[in-house]
There are 2 protein chains.
Amino acid sequence: MRNVIELQKKLLPDLLDVMKKRYRILQYLRLRQPVGRRTLARSLDLSERVLRSEVMFLKEQNLVHIGSGGMTLTEGGENLLEGLEEVMKDVSGLSDMESQLASELNVQQAIIVSGNSDRYSWVKKEMGRACVRQMKEQLEPQDVVAVAGGTTLAAVAEMMSPDDNVSSVSFVPARGGLGEKVEIQSNTISSTMAQKAHGNYRLLHVPDQLSDETRESLVLEPGIKELLHLIRQAKMVIHGVGEAETMAARRKTKAETLESLKDKQAVAEAFGYYFDRTGCIVHKENTIGLQLDDLSSNQVVMTVAGGASKAEAITAYMKYRPSDVLITDEGAAQAMLRK
Amino acid sequence: MRNVIELQKKLLPDLLDVMKKRYRILQYLRLRQPVGRRTLARSLDLSERVLRSEVMFLKEQNLVHIGSGGMTLTEGGENLLEGLEEVMKDVSGLSDMESQLASELNVQQAIIVSGNSDRYSWVKKEMGRACVRQMKEQLEPQDVVAVAGGTTLAAVAEMMSPDDNVSSVSFVPARGGLGEKVEIQSNTISSTMAQKAHGNYRLLHVPDQLSDETRESLVLEPGIKELLHLIRQAKMVIHGVGEAETMAARRKTKAETLESLKDKQAVAEAFGYYFDRTGCIVHKENTIGLQLDDLSSNQVVMTVAGGASKAEAITAYMKYRPSDVLITDEGAAQAMLRK
DNA sequence: TCACACCGGGACTTAAAATGACCCGGTCGA
DNA sequence: TCGACCGGGTCATTTTAAGTCCCGGTGTGA
């Protein structure tokens, strides 16, 4: 297949450029619809006039509908986007990069979406979309999914949509409060995700900072205990990865802890655990819920994280425990492979 | 595969037009190289300026070499042409047409090359190329191939090239003289073909018009007898089809025979046999060699004939005895399917 | 050996397409 | 009701494709 496209490229070298451009427009349109010409042009770094011509063209092709409230994809546009997804990934060389990355990081499967979420926030949503697709493929009715927090996971939740496979799934937060803002807490995210999936969810209301005794007694509470049990038998765990410094700063981390993280050269964070460059745990936030040691090999761990800036963090975390699935973006992938 | 191209077409509707145009240029170039810009433009029905731009482009792509004596394909050009052959056939809808035609005419396999040999004589050579490819695929060392006459078969011979599979093959004329010019007699053609294939050949020198007695005694001559034996055990028979009228006019056909052909509404000719619309033999030229009745089912009969004008003749002939392989062109195929 | 046909390539004009720049009236939500 | 965003119209400018004509070189056949 790719071979054919290579041949086509010889007879029509800018084939890919044009295809990519138009595909990108449709792709972005799908995320933001309905959206106007100017906004679209700004987001895609195209001159307004150029985008206008392209849109005109796409309209001719019956791929987009132009209404007074903005442009939307037609059914044909949706289908085209779906049908071309694999092709576009292939021609962008992402497929190659995926297998390369998978073997490099020792993960079972790597999925790379094009773009760099550092530069364009919509790339995060594309990762979200990819993640949702994976979930729908791998989940079975009645499964339990443990969901961590963070902005990336919020994007995943946002992209969730109902499906036969996920409507009877239970979404639970992976761990208790970590001092994050409410929109990116795992509680919020798992409930959002459940609602969008028409699934069930359970909340884990635990104050952020607790003394050890309180925590121990809390864990014995029947409601909490049951939920923790549920979390531990989750079929799938979905989480993000952050840069240690950024994460620590974002949370109400004590000054002495910050100092200690710096001393121990923490670079990555996931689940409230902090890791150094070699993948060793250097700190662990005290909260209840899923513990990394609890993870067994028949659980599917999906890591979702992108942006070139997170490359080092992802690499470090994967040294600790390679996930089953890594969903990342081109920016991060390139940085990781360049290393 | 074709599916992908359908999708591509939605994002780039003139993809195929451009590809076809450039492919056609390379294709023609392969046949005529070295050839000049103007000649090429005239043959392809392109304005000189347009062709010039295209050639400029192809040069940039390192697909053609431009020398002082004309343009030639580079190695890359050759490879591209080869690699794209199937794709181009597919996108041109020829593949569909092939299977349609095969079931319509009841032949095992139909091969259609694009173009119409009525309009462009080089299409005949493309049929020749296709025929040669089939021969190389199906023949085995030591096989015997019986070759008929005609301009189309001459084109096949011209396109023959050496190959492991055909270098030990023997080429024999299918039948004796039919009153044709020497260049398109089966004797000439089989020897040309053999030489180009680096194979062996045997000639069948028989005067055109013979009395029955002479013929009968000739058949008993040891040399002739052996050759006739060889012909009868040919593994493959390759022949063309002609329009009855044209063929009769071209040969030194007696006036009364001409009259009889007209009476019996002969439309097709092959091997010196004439057929009417329903596929019945209405006349048979008297000469020695392969007789249609001799054909057994384990012989491969390849019919090579193209041009819209021959459509009716081909259809008629196929009603008599569907060949194993029919090699024709787009013009004839369309006409046959339209019927 | 000369003429002629064919070769590639340069130069210029014209036609068409792409793009940039700016404006207008409508619509929808705060 | 105001303002931000919407699609669409218009026109000058730039870029690209195409038409036209010409030139000097080269090989071949008379």
Side-chain angles (χ1 to χ4, degrees), chain A residues 10-74 76-77 120-122, chain B residues 9 11-74 76-77 120-122:
Chain A
K10 290 195 182 162
L11 284 188
L12 208 60
D14 47 359
L15 166 74
L16 283 191
D17 298 329
V18 179
M19 274 183 63
K20 277 184 189 168
K21 180 165 72 175
R22 295 184 175 160
Y23 184 78
R24 225 161 67 92
I25 294 173
L26 291 176
Q27 198 177 26
Y28 194 83
L29 203 49
R30 175 167 63 179
L31 285 171
R32 298 283 204 181
Q33 60 183 326
V35 68
R37 199 205 309 153
R38 274 162 267 253
T39 313
L40 199 52
R42 228 176 300 123
S43 309
L44 292 170
D45 257 330
L46 294 174
S47 94
E48 184 195 329
R49 195 61 184 75
V50 169
L51 183 119
R52 191 170 166 180
S53 308
E54 294 298 336
V55 164
M56 211 77 89
F57 165 82
L58 294 172
K59 184 190 170 188
E60 297 288 325
Q61 297 295 115
N62 278 318
L63 297 173
V64 309
H65 168 74
I66 300 189
S68 66
M71 307 175 258
T72 48
L73 285 187
T74 64
Y120 299 106
S121 62
W122 55 273
Chain B
K9 262 169 73 176
L11 284 188
L12 209 60
D14 47 358
L15 166 74
L16 284 191
D17 299 329
V18 179
M19 275 182 62
K20 278 183 190 169
K21 180 165 71 174
R22 295 184 175 161
Y23 184 79
R24 226 162 65 91
I25 294 174
L26 292 177
Q27 200 176 25
Y28 193 81
L29 204 48
R30 175 167 61 178
L31 285 171
R32 297 284 204 181
Q33 59 185 328
V35 68
R37 198 206 307 155
R38 274 162 265 253
T39 312
L40 199 52
R42 228 175 302 123
S43 309
L44 293 169
D45 255 329
L46 293 175
S47 93
E48 184 194 327
R49 194 61 184 75
V50 169
L51 184 119
R52 189 169 165 179
S53 308
E54 294 299 336
V55 164
M56 211 78 89
F57 164 83
L58 294 172
K59 183 189 169 186
E60 297 288 322
Q61 296 296 112
N62 277 320
L63 296 173
V64 310
H65 169 74
I66 300 189
S68 66
M71 307 176 257
T72 48
L73 284 187
T74 64
Y120 299 108
S121 62
W122 54 273

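Numbers restart at 1 for each chain; the letters A, B, ... are given by sequence-line order, proteins then strands. What you see is a predicted model; the values in this text were computed from it and never measured.
Here D:dG7 presents its C1' atom at 9 Å from CE of A:Met71, a figure rounded to the nearest Å. Rounded to an integer number of Å, the gap from CE of B:Met56 to P of C:dA11 is 12 Å. Distance A:Arg49 CZ to D:dG7 P: 14 Å, rounded to the nearest Å. Taking atom CZ of A:Phe57 as the reference point, atom C1' of D:dG7 lies 20 Å away to the nearest angstrom. The CD atom of A:Glu48 sits 13 Å away from the P atom of C:dT19 (whole-angstrom rounding). The distance from atom NE2 of B:His65 to atom C1' of C:dG8 is 12 Å, rounded to the nearest whole Å. Taking atom CD of residue A:Glu60 and atom P of nucleotide C:dA17, one finds them 13 Å apart after rounding to whole Å. The NZ atom of A:Lys59 sits 14 Å away from the C1' atom of D:dC6 (whole-angstrom rounding).
With hydrogens and angles ignored, no donor-acceptor pair closer than 3.5 Å exists between the side chain of B:Arg52 and the base of D:dG19.
Looking only at distances, no side-chain donor or acceptor of B:Glu48 sits under 3.5 Å from a matching main-chain atom of B:Ala41. In this structure a side-chain-to-backbone donor-acceptor pair under 3.5 Å is present from B:Arg24 to B:Leu44.
Distances from the side chain of B:Arg38 to the nucleotides C:dC24, D:dC22, D:dG19 place D:dC22 closest. Proximity note for A:Val50 (side chain, C-beta onward) versus D:dG19, C:dT19, D:dC5: the nearest is C:dT19.
Atom CE of B:Met71 is separated from atom CG of B:Leu26 by 10.5 Å, given to the nearest 0.5 angstrom.
Checking each of B:Ile25, B:Val18, B:Leu58, B:Leu15 against A:Leu11 for a side-chain contact (heavy atoms from CB on, under 4.5 Å) leaves exactly one that passes, namely B:Leu58.
Under 4.0 angstrom from either OP1 or OP2 of D:dG19 there lies at least one side-chain N or O belonging to B:Ser47.
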